[in-house]
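Predicted, not measured: the structure shown is a model, and the values here were computed from it. Just follow the structure's listing: the first ligand is 1, and inside any ligand the first atom is 1.
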Amino acid sequence: MTRIVTTIADWRELRVGMQEEIGFVPTMGNLHDGHLSLLKRAKNDNAVTVTSIFVNPTQFNNEEDFKRYPSTLDADIDKLQQLQVDYVFVPTYLELYPDNYEVQVHETLLSQELEGCFRPGHFDGMLTVVLKLFNIIMPKRVYVGEKDYQQFLLIKKMITSFFLPIELIACETVRSKEKLALSSRNSRLNAVQHEKANYFAELLSSSHSSADVVGLLQQIGIRVDYIEEKWGRRLGAIWVDDVRLIDNVKR
Ligand code: AMP
């Protein structure tokens, strides 16, 4: 049985008696096989598995994107039950932001490039909510996806900078058979848009130069925010009409 916890007070009461190692997977819900792979890994490594579902408004730099973010709580909870995840934390905005986001975590270097250039404030919101969740859940291990590679690096940096007693584990990106990285935003793509997204995934791992990849994507009407090689990977962010997708592959 997956227990649903909605308040910090309720979780703290449960947490007091918990001596076992806790594995934690923070999410924004609309769970797919990518999220489930992190949960399976957490279950494998820890006595207790906890996930959170919270669509964090402070990390959306675009109001429309926030409003349209898919919310599928009942289906998510069914999936968590099937996987036998122990707890899901589902807080409200007020529960997590009693200060109305007046206190923020801001990284000054890594957060300013790539995604940071195109999504101002995004990483501040992400780091702030992640630090809050870490302080509430108090896990031993945290599992994140390589799909959001810059996010993974920033969380790792925050853990080091703030001496958080947490082990961070990055898990490989789960893809469709066409090699498209699974993402909650994929559900907003129609058939034609899906084809374009598949082409993006194919090109990212191809031997074409990054400049050529940009050109080829633009030829089919895709707007490119960036295709860049960094950290031994090739990272990209594109727009298929009004849906923004990111991905990265090892080089
Ligand atoms: P989100 O709900 O999009 O905030 O994602 C929650 C966690 O799942 C993050 O650590 C993501 O990097 C990870 N994640 C999202 N998509 C995938 C995927 N396709 N494969 C592996 N992990 C993923």
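Salt bridge Asp241/Arg223: absent, no basic N to carboxylate O contact under 4.0 Å. At a threshold of 4.0 Å, the pair Glu229-Arg233 does not count as salt-bridged, since none of the basic side-chain nitrogens sits closer than that to a carboxylate oxygen. Salt bridge Arg188/Asp65: present, at least one basic N to carboxylate O contact under 4.0 Å. Between Lys147 and Glu172 there is no salt bridge, since none of the side-chain N atoms of the basic residue sits less than 4.0 Å from a carboxylate O of the acidic one. Using a 4.0 Å cut-off between charged nitrogen and carboxylate oxygen, Asp86 and Lys43 do not count as a salt-bridge pair. A salt bridge links Lys157 with Glu107: the distance from a Lys NZ or Arg NE/NH1/NH2 to an Asp or Glu carboxylate oxygen falls below 4.0 Å.
For atom 17 (C) of ligand 1, the closest non-hydrogen atom on the protein side is His32 CE1, 3.8 Å. With respect to atom 1 (P) of ligand 1, the closest heavy atom belonging to the protein is His35 NE2, 3.7 Å. Of all protein heavy atoms, the one closest to atom 20 (N) of ligand 1 is Val174 N, 2.9 Å. Considering only non-hydrogen protein atoms, atom 6 (C) of ligand 1 sits nearest to Pro26 O, 3.4 Å. Distance from atom 12 (O) of ligand 1 to its nearest protein heavy atom, with residue and atom name: Asp148 OD2, 2.6 Å. In terms of protein heavy-atom proximity, atom 22 (N) of ligand 1 is closest to Gly145 CA, 3.6 Å.
In this structure, a donor-acceptor pair under 3.5 Å is absent between the side chains of Arg234 and Asn248. In this model, a donor atom of one side chain and an acceptor atom of the other lie less than 3.5 Å apart for Tyr97 and Asn56. Looking at Asp124 and His106, their side chains do bring a donor and an acceptor atom within 3.5 Å of each other.
Within the 4.0 Å heavy-atom shell around ligand 1 one does not find Glu146.
Using a 4.0 Å cut-off to heavy atoms of Thr27, the atoms of ligand 1 that qualify are 2 (O), 6 (C). If you number the atoms of ligand 1 from 1 as listed, the ones under 4.0 Å from a heavy atom of Tyr69 come out as 3 (O). Counting atoms of ligand 1 from 1 in the listed order, those under 4.0 Å from a heavy atom of Leu182 are 16 (N), 17 (C), 18 (C), 19 (N). Near Met28, meaning under 4.0 Å from one of its heavy atoms, ligand 1 places the atoms 1 (P), 2 (O), 4 (O). Atom numbering of ligand 1 starts at 1 in the shown order; those under 4.0 Å from a heavy atom of Val144 are 10 (O). Set against the non-hydrogen atoms of Leu38, the atoms of ligand 1 under 4.0 Å away are 7 (C), 8 (O), 10 (O), 13 (C).
The option from Arg41, Gln59, Glu172 that lies nearest to atom 21 (C) of ligand 1, judged by heavy atoms, is Glu172.
Under 4.0 angstrom from ligand 1, there are no non-hydrogen atoms of Val25. Looking at Tyr149 against ligand 1, nothing comes within 4.0 Å, counting heavy atoms.
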Quiz item: Is there a ring pair (Phe, Tyr, Trp, His ring centres under 6.0 Å) between Phe66 and Tyr69 once you walk through the steps?
Solution: CA-CA 5 Å; Phe66 173 61; Tyr69 202 84; 8.3 Å; no
